[in-house]
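Lettering follows sequence order; numbering is per chain, from 1. Given the structure is predicted, the values throughout are model-derived calculations rather than measurements.
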Amino acid sequence: MSGPVPSLDRLPGDPRYWYAGLAVLLVAWPLLFGAFWARIGLGALMWIGLAQSWNMIGGYAGYLDFGHGAYFGIGAFAAGIAMAQFGYPFLVGFGLAIVVSSIVSYLVAVPTLRLTGAYFAIATWAFAESIKQTALVTGITGGTFGLSLPRSPDTFVGVPVPFAISETFFYYAMLVLCLATMALTYYLFERHEFGYRVKALRDDQDAAESLGIDTTRVKRQVYVLSCVVAAVFGSVHAWYIVYIHPNDVLAPIITDRMVIMALLGGLGTLTGPVAGGLLVFLLERLSSVFLGSTTFYLPLIGVLIMVTVLFAPSGIIGILRGEVDRDDVRKNVKELGEKFDLL
Amino acid sequence: MTDDILRTTDLTKRFGALTANDGISLSVERGEIRGIIGPNGSGKTTFFNTVTGFYQPDSGSVHFDGEEVTGWEPHRLARRGLGRTFQIVSPFKNMTVRQNMLAVQTDDDRSREEKRDRAGEIMEFLEIDHIADNEARGMSGGQQKLLELGRVLMLDPEVVMLDEPAAGVNPALESRIMDHIHELNDEGRTFVVIEHDMHVMKTLADSVSVFDSGSHIAQGDFEEVSQDDAVREAYLGGTTAEDDEVPI
C-alpha cells in the first residue's frame with residue numbers, strides 16, 4: 001500500500017535513525033536550550049498543530065474556512081470560564097473545550113457546508129466575527145476586561161501534582177498535542193479509507209456521491225474534527241498565557257496564520273503544515289527578537305505567498321518533492337514580465 | 001411476465017422553460033444491456049442524472065429492484081446497487097488507483113482486508129493492477145475509463161449506468177472495455193449505456209431506447225430502431241436517406 005511518504009524517508013541512511021534523532025531532539029529540547037528556546041519551541045508546536053487542524057478542512061477537504069480561529073478562541077474561553085468563573089481544574093476546562101467546540105462546530109457545519117468556495121469562506125468569517133463580538137459583550141467571558149486563569153499545582157487535575165506547571169510543562173503539553181494531531185492526521189487522512197473519501201469529495205463531489213460516499217456527512221465530520229483540534233490547542237494556550245481577551249484569542253489573524261502556514265507548506269499534505277508552520281512562526285519570532293521588529297515578517301510572508309501561488313501551488317513540500325513544473329514557472333514569469341513591462 | 005430491475009414512469013425534469021425529460025416511461029429487464037441513443041441535447045444524460053438522484057424529478061417515479069427510489073440521494077442509490085459513470089471521466093487525481101478504488105463506500109460488512117482484496121481482484125480483471133500504486137493523474141484517458149468502471153464495480157452494483165464509455169478511447173481499449181462489459185453482463189449484471197458510436201451500440205446492446213427532444217420515442221433491438229421513421233426523423237430531419245441505419 002503506497003501513499004505520501006513522510007519526508008524523513010527521503011533522507012540518506014536508515015530513516016529510523018532520523019526519526020529516533022528527531023524524537024530525542026524534541027524531548028530534550030527544553031533541557032538542552034533553556035526557557036527562551038522552550039518558549040519558541042512551544043509556540044512552533046502550537047502553530048504547527050493549528051495549521052494542521054485548518055489543513056484538515058481547508059487542505060484535505062478543500063473548504064476554505066476563514067472562521068477557524070474562532071474555535072481556538074472557543075477552546076480558550078471554555079477552559080478560561082471553567083477555571084476562572086467556576087474554579088474547576090484545567091482538565092475539566094479541557095473537556096469542556098472539546099464538548100463546546102463539537103456542538104458549536106456541528107451547528108455551524110449544517111448550514112455553512114451547503115455553501116462552497118467564497119460563499120463558505122465569507123459565512124465562516126462572519127461566524128468568527130460574531131463570536132468575537134459576542135465574547136466582547138458577554139459577562140461570563142469577562143467582556144472587554146478578559147479573563148485571568150489561575151495557575152498553581154492544584155489547577156491541573158484538582159489536587160496538587162508533583163511537578164511544576166512551568167514553561168517546560170507547557171512545552172511537553174504542546175508536544176504531546178502536536179504529535180497526537182500529526183498521528184491522527186496521518187492515520188485518518190493518509191492511511192484510512194476515511195481520508196480517501198475526504199479527498200474524493202474535494203476532487204469531485206458528484207463522483208464521490210456516485211460511489212456511495214455521503215459527502216454531507218463526511219464534510220461535517222471533517223469540519224467538527226478540525227474545529228475540536230483547534231479548540232484543544234486554544235484551551236492549553238489559555239492556561240499557558242493565563243490571561244485571555246477576545247481581541248487576542250478570537251482575532252482574525254489567528255485564522256490568517258493557519259491559512260498562510262498550510263498554504264506555504266502545502267495544502268492537503270501531512271508535512272506541509274509542519275514546514276509552513278515552522279517557517280512563518282520562526283520568521284515572526286526571530287525577526288521580532290533579533291531585528292526588534294514585530295512587523296518585518298509581514299512583507300516577507302506577502303512575497304512568499306505570491307511566489308507560492310504563482311510558481312509552487314503545492315507549497316514547500318511540493319518543491320521538495322519536485323512537483324514544480326518549470327515550464328509553468330517560465331510561463332508565469334514571462335506573463336508577469338510582460339504585464340509589468342519588465343521584459 | 002418481465003423481470004424489470006429499473007423502471008421509470010412519466011419521469012419529467014424541467015430547467016425553467018426547457019423540458020429536458022418529458023414524461024419518460026422506460027423499463028430495463030434484469031440482465032440485459034440497454035442502450036440509450038439520441039441526438040445531442042435529447043435528454044440522455046439528464047435522464048441518467050434524474051434516475052441516479054443527482055436531479056430531483058418534477059414529476060414521475062423511479063423504481064429500482066421493486067422499490068420506489070424517486071428522489072433518493074445519489075450515495076444511497078449507489079449503495080443500494082445502482083452504479084454509474086460520468087460523460088466526463090472524473091478520477092480522483094491526487095490519489096493512487098488503489099486509493100480511488102478504496103474510497104468507494106458500501107453498506108456491506110466486509111472487513112478492510114476483504115475490501116482491499118476485492119479492489120485487487122477488480123483491478124486485475126480490468127488489467128490495471130500493474131498501475132495500482134500510480135497516481136490517477138498520470139493515467140491515459142482509456143485507463144481512466146477503466147478505473148471509473150472499476151470504482152463502480154466496488155459497489156457490487158446490480159445495475160451499471162455508463163455514460164459514453166467508449167468516448168475518446170482508442171479502438172484497442174474500446175474493444176477491451178466492451179469485452180469487460182460483456183463478461184460482467186454474463187455474470188448477471190444489468191447495463192444501461194449511453195453511446196454515440198452506433199457500431200458499438202449495434203454490437204453491445206440487447207435493446208435500444210431512442211431519445212429525442214426530451215422524449216422516449218422508440219425502443220427495440222438495434223435493427224428495429226434504425227428502421228424506425230421517428231428515429232430517422234430525429235437524426236436526419238427526414239426519411240430521404242438511402243442508408244439502412246441511423247448515421248454514425
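Counting non-hydrogen atoms of other residues, nucleotides and ligands closer than 6.0 Å to NZ of B:K115 gives a total above 12. Under a cut-off of 6.0 angstrom, the local environment of CG in A:L310 is crowded, with over 12 non-hydrogen atoms contributed by other residues, nucleotides or ligands. Within 6.0 Å of the CZ atom in B:R110, the count of heavy atoms belonging to other residues, nucleotides or ligands exceeds 12. Residue B:R112 qualifies as enclosed at atom CZ: its count of foreign heavy atoms under 6.0 Å is above 12.
Of the listed residues (B:M154, B:E148, B:R151), just one forms a side chain to side chain contact (heavy atoms under 4.5 Å, CB included) with A:L211, and that residue is B:R151.
Atom CE of B:M101 is separated from atom OH of A:Y196 by 13.0 Å, given to the nearest 0.5 angstrom. Rounding to the nearest 0.5 Å places NZ of B:K93 at 9.0 Å from CG of A:D203. The structure places CG of A:D206 at 5.0 Å from CZ of B:F54, a figure rounded to the nearest 0.5 Å.
Neither the backbone nor the side chain of B:T106 comes within contact range of chain A; no heavy atoms are under 4.5 Å apart.
Closest heavy-atom contact between A:G212 and B:A78: N-CB, 3.6 Å. Scanning both residues, A:R197 and B:L102, for their nearest heavy atoms gives NH2-O, 4.0 Å.
Among B:Q105, B:R76, B:R79, the residue making the largest number of heavy-atom pairs under 4.5 Å with chain A is B:Q105. In terms of non-hydrogen atom pairs under 4.5 Å with chain A, the most contact-rich of B:N94, B:V152, B:T52 is B:N94.
Put simply, the side chain of A:K199 does not reach to within 4.5 Å of the side chain of B:F92, judged on heavy atoms.
Taking the charged nitrogens against the carboxylate oxygens, B:R116 and A:E193 do have a contact shorter than 4.0 Å, which makes a salt bridge.
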